[in-house]
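To keep things clear, I will list the structure first and then write my remarks on it.
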Amino acid sequence: MTDKKRCFAVLTGGGDCPGLNAVIRAVVKTFLQNGCDVYGVHNGFNGLVNDNLQKMDYASVSGILPRGGTILGTTNRDNPFKFAIEQEDGSIIYKDMREKVLENLRKYDIEALVVIGGDGSLNIGAQLARECGIKVVGCPKTIDNDLPCTERTFGFDTAMAMATEALDRLHTTAESHHRVMVLEVMGRYAGWIALHSGIAGGADVILLPEIPYQLDSVIAKIEQRKAAGKNFSIIVAAEGAKPEGGEMSVARLVKGSFEPIRLGGIGEKVANAIEERTGIESRCTVLGYLQRGGSPSAFDRVLSTRYGVAAAEACLRGEYNVMVSLYHDQIVTVYIQKAAAKPRQVPVDSEIIRTGRQLGICFGD
Ligand code: F6P
């Protein structure tokens with residue numbers, strides 16, 4: 001009599017992010033190398049509800065290491081506990097589909113699920129573990145780098161490099177036209193991308209959600225540079241930056257998404273206000289989804305691969321309801337419930353903020 005093969009599944013949830021394919025590849029290869037079966041779930045939790053699973057083999061993950069996006073597809077809308085179902089009249093009702101998830105996992109005899117996602121997907125993973133007894137291992141994905149219990153999420157390094165390149169390019173126009181150039185970057189409620197790219201790209205002003213800004217300080221910095229013979233300035237604004245006593249800029253409200261608010265517009269506001277107050281031509285560039293697309297950096301490929309192998313290894317040794325995480329350059333595991341807690345912001349008294357201040361960077365305070 002032969003031993004029954006162990007069987008696992010992997011899904012990607014939330015916004016796409018450089019390194020997703022590298023994680024999928026590492027997860028699948030590790031399971032296959034250890035004699036297990038592995039299914040890829042299409043389109044995040046939607047595929048678990050709608051039975052959209054694909055058995056993976058070496059060929060399914062061949063050549064995907066440098067590719068952006070996710071070969072499995074993703075969505076930041078489908079939550080099995082509040083699943084949107086369209087009615088005949090076009091209206092939407094929300095249903096709890098946890099039984100469907102359990103049924104499909106049983107159908108393929110899946111022992112545990114690797115959830116590659118940000119806080120929305122990890123929260124769902126944690127709820128599946130808590131309320132349905134599903135065995136889950138999380139893997140921290142997001143360009144925003146804002147997940148607690150890990151020092152790094154994969155995707156951040158690539159996004160930061162993209163934003164840095166954008167700043168290098170904006171310098172050219174800023175210098176030639178004697179303009180103020182504002183770059184709006186992503187990051188939701190955390191300023192990691194803005195802070196790191198701002199330092200790497202030599203920004204003069206960095207506006208973060210963690211430090212509400214005063215327009216007067218920003219203008220004082222620009223005027224001070226002008227007085228010193230610098231006729232241009234470079235500003236990085238995190239999409240979640242806000243003025244002191246004011247609110248974040250909301251581009252629109254989104255129904256049915258993990259994230260009900262789409263941030264955006266702060267860069268344009270800041271550029272307009274500067275031009276009005278100083279008379280210096282000011283322009284805004286919104287970097288947007290360019291930060292999320294394309295090939296992962298070498299750092300992200302390595303981190304994603306380490307996370308993928310570690311997530312599969314956790315499953316193999318039966319260590320469940322954890323997230324793999326980076327701690328002092330080692331991959332460790334932390335309880336998924338803890339990892340799915342509130343976003344990790346930039347500590348305002350951190351060494352990297354102090355570094356920026358020592359360089360004379362204005363943080364708007
Ligand atoms: O979390 C990643 C992220 O790109 C954020 O930086 C941004 O606010 C958000 O996703 C945008 O999400 P969507 O894909 O819904 O526009």
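Counting starts at 1 for both ligands and their atoms, following the listed order.
Taking the side-chain hydrogen bond (donor to acceptor under 3.5 Å, both in side chains) definition, one finds that Lys107 meets it with Asp51, sequence neighbours left out. Remark: Tyr108 pairs with Tyr39 by the ring pair (Phe, Tyr, Trp, His ring centres under 6.0 Å) rule, at least two apart or across chains.
The single protein non-hydrogen atom nearest to atom 13 (P) of ligand 1 is Tyr289 OH, 3.6 Å, given as residue, atom name and distance. Looking from atom 6 (O) of ligand 1 to the surrounding protein, the closest heavy atom is Asp144 OD1, 2.7 Å.
Put simply, CG on Leu183 and CD1 on Ile193 are 10.5 Å apart, with the number rounded to the nearest 0.5 Å.
Heavy atoms of other residues, nucleotides or ligands lying less than 6.0 angstrom from OH of Tyr327 number 12 at most.
Taking every non-hydrogen atom of Arg262 and a distance limit under 4.0 Å, the qualifying atoms of ligand 1 come out as 16 (O). Within ligand 1, counting atoms from 1 as listed, the ones closer than 4.0 Å to a heavy atom of Gly187 are 6 (O). Less than 4.0 angstrom separates some heavy atom of Glu239 from each of these atoms of ligand 1: 5 (C), 6 (O), 7 (C), 8 (O).
Between Arg277 and Asp216 there is a salt bridge, with a side-chain nitrogen of the basic residue lying less than 4.0 Å from a carboxylate oxygen of the acidic one.
Considering Arg292, Arg77, Arg188 only, the shortest heavy-atom separation from atom 4 (O) of ligand 1 involves Arg292.
Contact annotation: for Asn76 versus ligand 1, heavy atoms closer than 4.0 Å belong to the side chain alone.
There is no side-chain donor-acceptor pair under 3.5 Å between Lys141 and Thr12.
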